[in-house]
**Q** 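Quick one: the structure is below, and I'll ask about it shortly.
Lettering of chains follows the sequences in order, A, B, ..., and the numbering in each one begins at 1.
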There are 2 protein chains.
Amino acid sequence: MSIAASRYHHGDLRSALLDAATRRIDKEGVDSLSLRKLAEDVGVSRTAPYHHFADKNTLLSAIAAEGFRQWHATARKIFEQEDMPAAARFRQFIHEYIGYAADHPQLYELMFGRTLWQAQSATDDLKAVAFPCFQFQVQMTRFWQMSGLLPQGPEPLRLAQVTWGTLHGIARLLIDGIYADRSHIDQMCDTAADLFMQASVDRE
Amino acid sequence: MSIAASRYHHGDLRSALLDAATRRIDKEGVDSLSLRKLAEDVGVSRTAPYHHFADKNTLLSAIAAEGFRQWHATARKIFEQEDMPAAARFRQFIHEYIGYAADHPQLYELMFGRTLWQAQSATDDLKAVAFPCFQFQVQMTRFWQMSGLLPQGPEPLRLAQVTWGTLHGIARLLIDGIYADRSHIDQMCDTAADLFMQASVDRE
DNA sequence: AGGCTATGTTGACACTGTCAAGATAATATC
DNA sequence: GATATTATCTTGACAGTGTCAACATAGCCT
């Protein structure tokens, strides 16, 4: 029982799986992740994971959920820097969002990609973490509208869908390598920020 | 030789495969498409497709390429309606783009998703069709900038990446069912259009 | 000590993409 | 028109996948 490697019960297989999976996803992407390779990584038989996750999808959902928790915390931190002017925070938020996606492309893909969302495969657990994250986006948008940073005409939800859509779209074009690459990141972020903020200037 | 069903050589297996695949993708999505089911659909053995496509990826690329050809033609048609004011054309373009994505979600996913682009799996053939399509987006952006519809500050390429990113992002949020659904489409499009065009108003 | 439950194991199944080798038909060549 | 070449299609095989069923082990509670 003393030597960790030689015991029958792993001890903390659940987190070991999550760790290994996260590492593998980060390296090779969601698609090439197999439960069997994963089990081997951790030194356990093929079907052992099924005692901790109902199926592959549940495991992926758990990893994505952790990603949302982290991102939500980061977003909150940026948004709540009250010593910084709203416009600067807004700009920083955009850079951080795209930066997060560019730094963890595979995780971002998992969090916001069709693998989990398209066929209603997202776990209730995942939804419970993700939706507050989405709603926070709307909250921030409302604040930026009230601050005069963003145009006040559209409903916050609509505007949030569009601004977030922009960030999401840029992130995806980058990640998937479609007509955009990492060297454009900062310029793209600034262009987006300018576009949004200029749109709010009052005119008579 | 007379009865089509009973001949050894299919006749036009290549297009039959493309047709069947396109139909299946439209119905069930790219992910659940299997070459074997496809072969069965067409009434041919599992490995017959390999005489017409190097591998699954090549077949998918061919389908995506056809999608790009179609979309490029549509975009061109909208853009070249010279009797219509530029602003209206711009707005229509946005609606059509999102509409196209919403009407053919699975094809859109294939065309712009990681399946083909992420791991450099896109065929040279596909790239040859897709890149002009991307570049057309930049061309249009430049025109809209010169027409005063879009802000003239940023480089056309950067601005195109951002505006296209917005459309792409909205499309993906819709398709993947992330905090947006079909009933929001028109409002989202108009919000985006307003946002972009308002940003171009001169101010002193 | 006994039994219950959580956790691990091997075996099996249906499914996938793809390669190799052989069969057949259309086509080109003499 | 006979023959050879080539395009096309077939079956067989392999390694890989997710997941279920049946069984084994160990930890914990009474």
**Q** Could you state the CG-P distance from Leu35(A) to dG16(D), rounded to the nearest angstrom?
**A** 16 Å
**Q** Could you state the CG-C1' distance from Leu13(A) to dG27(D), rounded to the nearest angstrom?
**A**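 Going from CG in Leu13(A) over to C1' in dG27(D) covers 16 Å.
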**Q** Compute the centroid of each ring, for Tyr97(A) and then for Tyr100(A), and state whether the two points are separated by less than 6.0 Å.
**A**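 Here the rings of Tyr100(A) and Tyr97(A) have centres that are no less than 6.0 Å from each other.
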**Q** Under 3.5 Å, is there an N or O donor on one side and an acceptor on the other linking the side chain of Arg36(A) and the base of dG16(D)?
**A**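 Counting by modelled atom types and ignoring angles, no donor-acceptor contact under 3.5 Å is found here.
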**Q** Reading DNA chain D from 5' onward, which residue's closest nucleotide shows up sooner: Ala48(B) or Tyr50(A)?
**A** Ala48(B)
**Q** Counting only side-chain nitrogens and oxygens, does His52(B) get under 4.0 Å of the OP1 or OP2 atom of dA7(D)?
**A** no
**Q** In whole Å, what is the span from the NZ atom of Lys37(A) to the P atom of dA15(D)?
**A**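 It is 16 Å, rounded to the nearest whole Å.
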**Q** Round to a whole Å and report the spacing from CD of Glu40(A) to C1' of dG16(D).
**A**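 Going from CD in Glu40(A) over to C1' in dG16(D) covers 13 Å.
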**Q** Checking all strands, does Ser34(B) fall into the base, sugar-phosphate, or nothing category for heavy-atom contacts under 4.0 angstrom?
**A** sugar-phosphate
**Q** Would you mind classifying the nucleic acid contact of Leu33(B) as base, sugar-phosphate or nothing, using non-hydrogen atoms under 4.0 angstrom?
**A**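 It contacts sugar-phosphate atoms only.
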**Q** For a quick check of understanding: with a heavy-atom distance under 4.0 Å over all strands, which category does Leu59(B) fall into, base, sugar-phosphate or nothing?
**A** nothing
**Q** State the CD-CD1 distance between Glu66(B) and Ile63(B), to the nearest 0.5 angstrom.
**A** 10.0 Å
**Q** Looking only at side-chain atoms of Lys56(A), point me to the closest of dT9(C), dG17(C), dT19(D).
**A** dT19(D)
**Q** Please step through salt bridge (Lys or Arg N to Asp or Glu O under 4.0 Å) for the pair Arg46(A) and Glu40(A), ending with a clear verdict.
**A** CA-CA 7 Å; Arg46(A) 303 149 255 150; Glu40(A) 202 174 2; over 6 Å; no
**Q** If we ignore angles and hydrogens, is there a donor and acceptor under 3.5 Å between the side chains of Tyr179(A) and His184(A)?
**A**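 On atom types as modelled, these side chains do not qualify, holding no pair under 3.5 Å.
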**Q** Considering only dT19(D), dT18(C), dC9(D), which nucleotide approaches the side chain of His51(B) most closely?
**A**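 Within the option list, the nearest is dC9(D).
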**Q** How many whole angstroms separate atom CZ of Phe53(B) from atom P of dT18(C)?
**A**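 Nearest whole value for this atom pair: 13 Å.
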**Q** Sort out for me which residue in Trp144(B), Phe136(B), Phe79(B) forms a ring-ring contact (aromatic ring centres under 6.0 Å, His included) with Phe93(B).
**A**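 The residue from Trp144(B), Phe136(B), Phe79(B) that satisfies ring-ring contact (aromatic ring centres under 6.0 Å, His included) with Phe93(B) turns out to be Trp144(B).
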**Q** Which whole-number value in Å describes the distance from Asp31(A) CG to dT17(D) P?
**A** 13 Å
**Q** Could you give the CG-to-P distance, from Asp55(B) to dT16(C), as a whole number of Å?
**A** 17 Å
**Q** For the side chain of Arg46(A) and the base of dG18(D), is some donor closer than 3.5 Å to an acceptor across the two?
**A** no
